[in-house]
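Input: a single structure, listed below in structure tokens.
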Amino acid sequence: MTDPTSLSGAHAILLAIHLCATGNPAVLPHLQARFPATLTTERLLRIILTFLPESTEPRYYVPVVQTLVNGLVSRSDNDDIDISPVKDLPEAAARKRVRKIRLLPLRYPGDEDTRESADLLVIFLVHRAHRIDSETSLQPLILDLLLPFYQRSPILRTWLVSCLLPLLRLNYEYYPNRDKSCSLETLSSLDDQTATNILLSMAGTRKNDTDLIRNLRGLAGPWMYGSNRPMRRRFSQTVRRNSIPASQSHINEDVRTSGWEYVNEWLLSRSSADPEAVVNAFINWDGPGDVDLGGYVEEETLSMDQSKQLLYRYGQTGLAVIYQSPEVSLDGSIRVLERVSNLLGLEKSLFVASDNSTLPSVEFDAGPIQSVSRATLFQNALLVPTNPLTYPSPSSISFISGLLLSLRVLKELGHHIPCRTATNICLHSNQDMQLYELRSMMTSIAQSRSIRDWRTVRQKLLWLRDWKAETERTAESERCCHGLFFRVPLSTIEIEILKILLEVKEYDLAANIYIRSNSALNSMQVEDAVKESIFAAYDNASNGNRSRGRMQRAYEILQAFQPHFPGSTSLKQLQALISATHALSFYSLTLQHGVPFQPVSIRVHPDPLSLIEKVLDQNPKSYTKLDDLLDIGRNLVLAGFPPRPADDTDLHSHYTRPPVLKQDDALITAERRIMSLAISSALSSDDFGTAYSYILTRLTPQTSSATFSLNSPSGPKDDITWRAVYNAGRYRPTHSQSSSTPPPLHIQITHLSQRMELLSLALILAPTPDPLPEILGAWRRADEELSLLRARESDEEDAWDTKGDRSAAATFLPGGFNQPNTEQDVLETKQQHARRAARAAHHNRLDSGEAPMGLFEVARGAARALHKNVAFPLSASASASASSSMSLVDRTSEDDGENPNGGTGDSDAGRIRKRDVVSNMVTGGLASGIGWVLGAQPVNMNNRQ
């Protein structure tokens, strides 16, 4: 049966469904012509949508759909339609089946793009596209379905370009090998921000810089074309309220424009992870106007103002990338800046031309730039349109040009910092912080080994301060300059440059620039800078030898600049300090807790002269190098380290200022102290001979006037020398205690005589009467011991004389039995002869009136010490006795000088020996005052005489 007129409406519906299910929709227009009331266009489109297999190629049913929509087919009786599938079906059964059929709605659920459209074809095509994607994922079939109709409706064209085109490129053209493709449902449900992240992040799966540019043109660009779709508009408004700052909303009234904000944000964020790709994108992509819409759109619908606004926002993103990402190379930053300037027509404000080798003067209106806060460099503030650092303008372009030029200069000097750091230094650092960064930078430059021309380095450093060419640097420009270190005064910059020149040993260049020619520094500033450089090298030296390391550098700087400042006290002090340190380096010296000596130890030590005591303690026999130690002490004083009092035991004394001494007085005090230390060290080493020699040759006053000058009121108080002499006078050799065999008697007498001589000298050198009892007590004990030794010596001599007489008598006996025939006898004979000779010499001294063992000096010193202090507790008679005794001593001395060949005291009654006078004075005249110290009893002077 081929006549469809015999069919009912239910049979016609079932036949249309059968035709679609079997993939033969071509006769549907003819069937509709037979049953126009039952098979309406909408019902047929729903039947096609529900029962036509989604895998059917659109070319088989697109003409049918066009015919149905356009209604061009007329009824014809000649058209044969095969009705066999439904002709045998009863009417009731047909109606029952029709009632059970559930056709899909023509409008796709959740599709807001076609909600306001009455075009059945558009609604059908969108739903059919979703069905094809969800059932087969054969997305190219969707394009074949839409191509005949996309020009018919703007809604359909927008949907094709903004949704289907990015999907096809993503899954089939750009990334066909991905494991999982993106569905139409998924992409359609995305908001602008999420879609942007997905579409652009695909470039991260391949290490190719062109991927990002291609995705920007072919994926993000078409997607942004559909920003005006109702569903996208609703999504974007919700997300924009949550993510885009309110300050940006006023420039994004058009929804299309707002979509590109997410592209800008993505580029800024991506620059930290893949800086090369982002830089390449800015260099090769022209911004939102450079998109690939597949040829489906003839012209962009944005207005001129919107396009310009998008381009400026894109340029602001480029500047933000420069500020934000330290990973972006300097060359890449410069290329991005050049690209942004070219796109926006701001080339005149650009100063970083690649072919320009000279440093230009960067001039701009710094008013808007200087008022920015640190918050303007936060990532969420870099893209704010009101940000004066990133929004493209002549000022912002010129300022970032100056920053990038500064970074390029620093890179040439071997110092690398990111643009953000340079911005903070320039805008947000005060003078002290800029000076700190400058010094840190110069230290890094000094460590670079590739720099040769330091004159050029100086010019670059001066340019970094004010961004002015050398020929344009004037006094007027100093007041309005704005460079990387513009808050640091020019003189301070010059001082730091001078220090860095000294650090790298460019002494001649430094002298030529800052001494021999006109410069911004005066002579005092140059001298101070030289001094600081010497101290810096000195303090960092690990060895005091001036031919090594940092000490050598300090010495070289001093030698290079001292001739230019011949009257400089500071440089003279430094010369003395380096000399003292160099001399100390030849000794082994360790400070407390095992810390080795370093030159800086002298500068931080509260009493540098005490280091000589450590040298004597830690270096055996170092006391023999007295002249060397004295030179060290003198140089320390000349270096500005006055000696502290020897009895200063205040633990906090180094926090107080030492007493001010004249340099000559300080030198005398230092020499006395070093002499005392050397004498003590010699005594500690059982070298009494050296200590005795030092005292006699260096401490003994030659005349009375010299004696009094040691403690004159105008000179420094000498409380050091007498102590050293007194300690030497009390010294007892250790061998007398440890050795079982004592030394010969005449050696003991000689040693004791030397000690008494030192005690008498200590009495002379004592500055006050306070130590006199102690000195006289020691002298009395030594005198008693000497008397005992001389008595023993006299007894031994008498015994020897008796033995000698017996030996002489025995020589006349036959056989000579009493002749010494043993080595012991010979040795004893020699010793007795030596004693006899010593005794004869002693008697000669007595006969000549010479007081042995310093007794004369003891009396003179005691009398003189008594006269120094009238408060000394002496009675008047004792004072008179002492004075008369002193006069008698003086007259006796004169008489002895006139009669050098006089007889002994026993034969000449008019002659009184010095020793007797001294004894009378000490044991008689002083008995009532300080004689109790000696244990003497009063003696009647008349009876003695």
Side-chain angles (χ1 to χ4, degrees), residues 158 161-162 191-193 195-196 199-200 213 216-217 219-229 232-233 235-237 239-241 243-269 271 278 281-293 297 299-324 336-350 368 376 379-400:
T158 301
V161 173
S162 64
D191 59 86
D192 287 341
Q193 184 178 20
T196 299
L199 296 177
L200 296 182
I213 302 173
L216 287 168
R217 287 194 180 112
L219 297 181
W223 173 265
M224 294 304 165
Y225 183 79
S227 296
N228 62 339
R229 293 169 51 197
R232 294 267 296 279
R233 186 186 301 114
F235 286 161
S236 298
Q237 288 176 351
V239 176
R240 189 166 59 253
R241 283 195 301 266
S243 62
I244 298 181
S247 59
Q248 295 188 26
S249 60
H250 69 280
I251 68 167
N252 296 319
E253 298 296 337
D254 192 276
V255 178
R256 286 189 183 184
T257 307
S258 66
W260 286 106
E261 293 300 314
Y262 302 115
V263 176
N264 295 333
E265 291 178 359
W266 186 91
L267 289 173
L268 179 60
S269 177
S271 63
V278 173
F282 275 99
I283 294 174
N284 296 283
W285 184 51
D286 293 337
D290 183 10
V291 296
D292 181 8
L293 301 180
V297 179
E299 60 181 11
E300 180 60 53
T301 59
L302 292 175
S303 65
M304 183 66 67
D305 292 339
Q306 290 174 336
S307 298
K308 183 178 180 180
Q309 186 179 19
L310 285 176
L311 190 59
Y312 265 82
R313 296 291 291 159
Y314 173 65
Q316 183 176 7
T317 305
L319 300 185
V321 167
I322 298 175
Y323 283 109
Q324 165 67 22
V336 170
L337 179 60
E338 291 175 343
R339 178 67 169 167
V340 170
S341 301
N342 292 333
L343 287 175
L344 301 178
L346 298 174
E347 299 91 341
K348 294 182 179 180
S349 301
L350 191 65
T376 56
Q379 183 172 351
N380 59 353
L382 289 173
L383 295 180
V384 174
T386 56
N387 191 328
L389 290 179
T390 56
Y391 193 79
S393 65
S395 296
S396 62
I397 295 295
S398 298
F399 178 72
I400 198 171

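Everything numeric here is computed off the predicted structure, so don't read it as measured data. The figures that follow rest on heavy atoms only: side chains count, while hydrogens, waters and symmetry mates do not.
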Legend entry - Point-to-point distance, once rounded to the nearest 0.5 Å, from OG of S395 to CG of L389: 10.5 Å
Legend entry - Rounded distance (nearest 0.5 Å) linking atom CG of L199 with atom OH of Y262: 14.5 Å
Is a side-chain N or O of [X] found less than 3.5 angstrom from the main chain of [Y], in a donor-acceptor match?
X    : Y    : answer
S271 : L268 : yes
W285 : D290 : yes
N387 : T376 : yes

Within a strict 4.5 Å, meaning less than it, do heavy atoms of the [X] and [Y] side chains meet?
X    : Y    : result
E265 : T196 : no
V321 : L382 : no
L267 : Y314 : yes

Side chain to side chain donor-acceptor pair (under 3.5 Å) against [X], all qualifying residues, sequence neighbours excluded:
X    : result
S398 : none
Q316 : R313, T390
S393 : S396
S162 : none

Inset, instruction - Under the ring pair (Phe, Tyr, Trp, His ring centres under 6.0 Å) rule, collect the residues that match up with Y323, sequence neighbours excluded. - result: none
Restricting to non-hydrogen atoms, name the atom on [X] and the atom on [Y] that form the minimum distance, rounded to 0.1 Å.
X    : Y    : result
V336 : I322 : CG1-CD1, 4.1 Å
P222 : L293 : CA-CD2, 3.6 Å
D192 : G259 : OD2-CA, 3.9 Å
P368 : P388 : O-CG, 3.7 Å

Cut-off 3.5 Å, no hydrogens considered: what does the side-chain donor-acceptor table look like for residues 340-349, sequence neighbours left out?
| unit_1 | atom_1 | unit_2 | atom_2 | d |
| --- | --- | --- | --- | --- |
| S341 | OG | L337 | O | 2.9 |
| N342 | ND2 | E338 | O | 3.0 |

Legend entry - Derivation of the side chain to side chain contact (heavy atoms under 4.5 Å, CB included) call for Y225 and T158: CA-CA 7 Å; Y225 183 79; T158 301; 3.9 Å; yes
